[in-house]
Amino acid sequence: MTRYGETRNSLDKHNLAPKKRFGQNFLVNKNTAEAIVRAGNVSENDTILEVGVGLGALTQPIAERAKKVIGLEIDSGLVRFHEEEGDLPENVTLIHQDVLKTDFAELAKTCGGPLKIMANLPYSISNPFIFKLIENREYVSSATIMLQKEVGDRLMAVPNTKDYGVPSILLQCCASIKKLMTLKPGEFHPRPKIDSVVIRIDFSTQSLKSADGTPYSYRMLQKLVRTTFNQRRKTILNTLSSASLFLESDSIDKQTNKRLTEETILEAGIQPTVRPESLSLEEFIKLVHSFTKKLNP
Ligand code: SAM
């Protein structure tokens with residue numbers, strides 16, 4: 001029997017069906033699961049956090065290589081499935097939990113260091129999950145994840161492309177991202193409509209430093225990037241003036257706010273009339289330095 005047939009039979013046996021709201025597209029090809037885990041560089045002393053255990057397609061090969069696997073699964077039906085089947089290896093701890101509500105700091109403490117994450121990510125949560133990774137970057141060392149090709153393209157995008165935006169910049173400022181493989185819809189049950197990619201995200205200790213080594217505020221970067229990309233067709237002078245950054249800190253009028261915004265952009269060595277999609281990460285960091293200095297003289 002094919003793995004596709006096995007997957008269907010396993011679900012049928014427990015009266016389960018793939019749930020769209022949980023992004024359930026199960027991997028059916030054992031060789032592909034092995035290849036993903038190999039690419040994830042799992043070694044025998046690792047404790048791996050697996051997000052979305054599903055029927056265990058990735059869990060088994062991870063458990064063969066790692067010391068321990070902590071598997072999160074939101075679907076109580078699938079948790080019951082594994083309890084009844086007793087099919088997960090002894091070094092796997094399955095936790096019935098939503099990853100978006102999981103305390104990564106606490107989990108990292110339990111694991112004895114920053115988390116190594118692996119996941120065939122449910123499509124339904126790919127964006128909030130990426131932002132959770134970024135917010136928790138000090139508790140994560142790497143994440144080898146499978147997601148929709150479009151989302152992967154956005155994370156790796158460069159300036160002046162349609163994919164370049166908030167997630168590209170906020171992830172690239174604190175991590176390196178590498179594409180490991182592309183997977184066709186036939187690798188999954190049920191088949192998604194689109195291709196998937198496996199990427200590896202490495203969070204480095206050098207994060208949040210400009211090219212010259214000066215630290216900068218992530219909060220300020222987040223604010224500038226979100227504000228400007230919120231209306232990506234407008235010039236950065238327009239969007240940053242409308243955000244009234246200077247009005248927040250002082251009792252000054254709108255006109256002065258616009259003049260100060262323009263001055264601050266120019267002091268960063270950037271033309272106020274550009275659109276955000278043309279700015280590199282380094283240029284956004286220059287803006288961060290410039291606004292931080294001007295707002296907190
Ligand atoms: N790892 C399995 C595989 O490769 O076949 C399943 C992958 S499937 C794309 C995603 C899995 O994540 C499903 O089992 C789903 O129930 C689970 N899931 C969805 N949302 C979740 C969440 N917020 N927290 C934890 N697990 C979640």
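Just follow the structure's listing: the first ligand is 1, and inside any ligand the first atom is 1.
Contacts of Glu90 classified as side chain to side chain contact (heavy atoms under 4.5 Å, CB included), with partners at least two apart in sequence or in another chain: none. Residues meeting the salt bridge (charged side-chain N to carboxylate O under 4.0 Å, His left out) test with Lys109, sequence neighbours left out: Glu106.
For the residue pair Asn230 and Thr227, no side-chain donor N or O sits within less than 3.5 Å of a side-chain acceptor on the partner.
Applying the 4.5 Å side-chain rule to ILVMFWY residues, one finds that Leu266 remains a lone member of its cluster.
Cation-pi geometry between Lys294 and Phe246 is not met: the NZ or CZ atom fails to fall both under 6.0 Å from the ring centre and inside 45° of the normal.
Protein residues with a heavy atom under 4.0 Å from ligand 1 are Phe22, Gly23, Gln24, Asn25, Phe26, Leu27, Glu50, Gly52, Val53, Gly54, Ala57, Glu73, Ile74, Asp75, Leu78, Gln97, Asp98, Val99, Asn120, Pro122, Ile125.
The shortest side-chain heavy-atom distance between Leu27 and Met146 falls under the 4.5 Å cut-off.
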